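All values reported here derive from a predicted model rather than from experimental measurement.
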Amino acid sequence: MNNYQNILVEKSNQLAYIIINLPEQRNPLSKETLGEMKDALEKLKDDKETNCIIFTGQGDKSFAAGADISQLKNREPLDVFTPGGMQEIYDYIEAYEKPTIAMINGFALGGGCELAMACDIRIASTNAKFGLPELNLGIIPSAGGTQRMARLIGKGKAVDLILTGKIITAEEAERIGLVSETVPLVELKKAVEKTAAQILSKGPLAVKFAKMAIHAGFDADMKTGLLIEKLSQAILFSTEDKSEGTSAFLEKRTPEFISK
């Protein structure tokens, strides 16, 4: 899993860390780096020992500083439709069957901020900084930035941040709902692993269907969203995990889920 040039993959206790390993360059997201991330995710998808994915950057200064500008400069109009682009990979991360957490240990700018927003949960160190400064380059945040930012923090605040290109602190990011928690850098990994452990203690199929219902229902009307929710619950009612979870509750013991 570690035959990569730009990332590291480290596995421990049901967790897999995908680490962007270019700290001297503040962990940029080149086409090659994105390709390696996608390849690692494909392998981890079928790895029964891995049940949660954590994205982070090497070092203590940058989570991911954004797209490789030297590559960006040479992009042509139709390149946005080329398979394997940043938007496509972030869509893949958002829809990934296993839960994902962004462990944001520094700058998360442009494509780095968009990567964090594609994850299920975002936890940041207090030294982290966030922003979508693409308009400074004469382009827009197009790896989901104009859409996920508005859905996460509200349209008005998203318009403000995108049009001004403001860089905000971790404290501000937590206040507006962009991240769920901020902690000192030395406590970041512990906080992420605590959250991961809480998720992993739940029924694995329930986690998958909860993700699906939230994402599929969010952009639908309420009636359709509720139908998706109801159908998801109907499937879960037929599983061994449901029987185990309810039995464990009634018997006042910890459930032992077997489904993956």
Side-chain angles (χ1 to χ4, degrees), residues 20 22 25-31 33-34 37 55-57 61-82 84-95 100-182 214-221:
I20 305 166
L22 298 164
Q25 304 168 48
R26 294 198 172 182
N27 300 322
L29 292 158
S30 66
K31 180 179 179 180
T33 299
L34 291 168
M37 289 168 58
F55 292 90
T56 194
K61 295 181 180 179
S62 181
F63 169 72
D68 187 317
I69 306 302
S70 62
Q71 291 183 348
L72 194 60
K73 180 177 172 59
N74 297 317
R75 295 278 166 80
E76 298 292 336
L78 294 181
D79 287 343
V80 299
F81 299 105
T82 301
M86 189 177 282
Q87 187 188 91
E88 178 184 308
I89 290 173
Y90 290 178
D91 286 348
Y92 179 77
I93 291 171
E94 184 176 64
T100 58
I101 301 175
M103 188 172 90
I104 306 159
N105 55 316
F107 284 101
L109 304 178
C113 185
E114 291 171 305
L115 169 60
M117 291 191 292
C119 293
D120 296 320
I121 296 173
R122 288 156 293 285
I123 300 175
S125 58
T126 50
N127 68 312
K129 298 286 192 298
F130 299 82
L132 294 174
E134 283 87 346
L135 272 68
N136 293 329
L137 305 174
I139 59 175
I140 65 171
S142 63
T146 65
Q147 303 304 303
R148 291 192 179 98
M149 177 74 81
R151 286 161 170 76
L152 284 169
I153 68 172
K155 180 180 175 182
K157 192 62 179 178
V159 170
D160 179 9
L161 292 181
I162 292 170
L163 295 191
T164 64
K166 290 177 185 175
I167 306 300
I168 63 172
T169 64
E171 181 182 13
E172 174 71 0
E174 183 177 11
R175 186 185 71 80
I176 64 177
L178 185 57
V179 302
S180 58
E181 184 180 359
T182 57
I214 293 166
H215 290 311
F218 190 84
D219 293 323
D221 61 90

One should read off an interatomic distance between E88 CD and D91 CG, to the nearest 0.5 angstrom, of 8.0 Å
Quick check: do M103 and F63 have side-chain heavy atoms less than 4.5 Å from each other? no
CG of L135 to CD1 of I140: how many Å apart, nearest 0.5 Å? 8.0 Å
Does some side-chain heavy atom of P28 sit less than 4.5 Å from a side-chain heavy atom of L22? yes
Distance in Å, L132 CG paired with L163 CG, rounded so as to fall on 0.5 Å steps: 11.0 Å
Heavy-atom closest contact (V179 atom, T182 atom, distance): CG2-CG2, 3.9 Å
Closest heavy-atom pair, I104 versus A116, reported as atoms and distance to 0.1 Å, is CD1-CB, 3.9 Å
Min side-chain heavy-atom separation T169-E172 under 4.5 Å: yes
Minimum heavy-atom separation for G131 to C113, with atom names? O-CB, 3.6 Å
For A65, does its backbone N or O pair with a side-chain atom of R26 as donor and acceptor, under 3.5 Å? no
Under 3.5 Å, side chain of E181 to main-chain N/O of I123, donor-acceptor pair present? no
Rounded distance (nearest 0.5 Å) linking atom NZ of K129 with atom CD1 of I168: 10.5 Å
The reported gap from OG1 in T146 to CD in E134 (rounded to nearest 0.5 angstrom) is 10.0 Å
Using a 3.5 Å distance criterion without hydrogens, assess whether the side chain of N127 forms a donor-acceptor pair with backbone atoms of G106. no
Is there a donor-acceptor contact under 3.5 Å from the side chain of E94 to the main chain of A118? no
Heavy-atom side-chain contact between F55 and I20 under 4.5 Å: no
For the NZ atom on K61, are there more than 12 heavy atoms of other groups (residues, nucleotides or ligands in this structure) within a distance under 6.0 Å? no
Is a side-chain donor or acceptor of T100 paired with a backbone partner of D120 at a separation under 3.5 angstrom? yes
Check against side chain to side chain contact (heavy atoms under 4.5 Å, CB included), L178 and M149: CA-CA 8 Å; L178 185 57; M149 177 74 81; 4.2 Å; yes
Evaluate I89 against L115 for side chain to side chain contact (heavy atoms under 4.5 Å, CB included), listing each step before the verdict. CA-CA 9 Å; I89 290 173; L115 169 60; over 6 Å; no
Taking all heavy atoms of A124 and all of A128, pick out the closest pair and write down the distance. CB-CB, 4.0 Å
Which pair of non-hydrogen atoms, one from A143 and one from R148, has the smallest distance, and what is that distance? O-NH1, 3.5 Å
Distance check, rounded to the nearest 0.5 Å: F130 atom CZ versus M117 atom CE? 10.0 Å
Quick check: does any side chain N or O of R175 sit under 3.5 Å from a backbone N or O of E171, one acting as donor and the other as acceptor? no
Side chains of S125 and N105: any donor to acceptor distance under 3.5 Å? no
Residue pair E114 / L29, side-chain heavy-atom distance below 4.5 Å: no
Looking at R122 and S180, would you say the former's side chain and the latter's main chain have a donor-acceptor pair under 3.5 Å? no
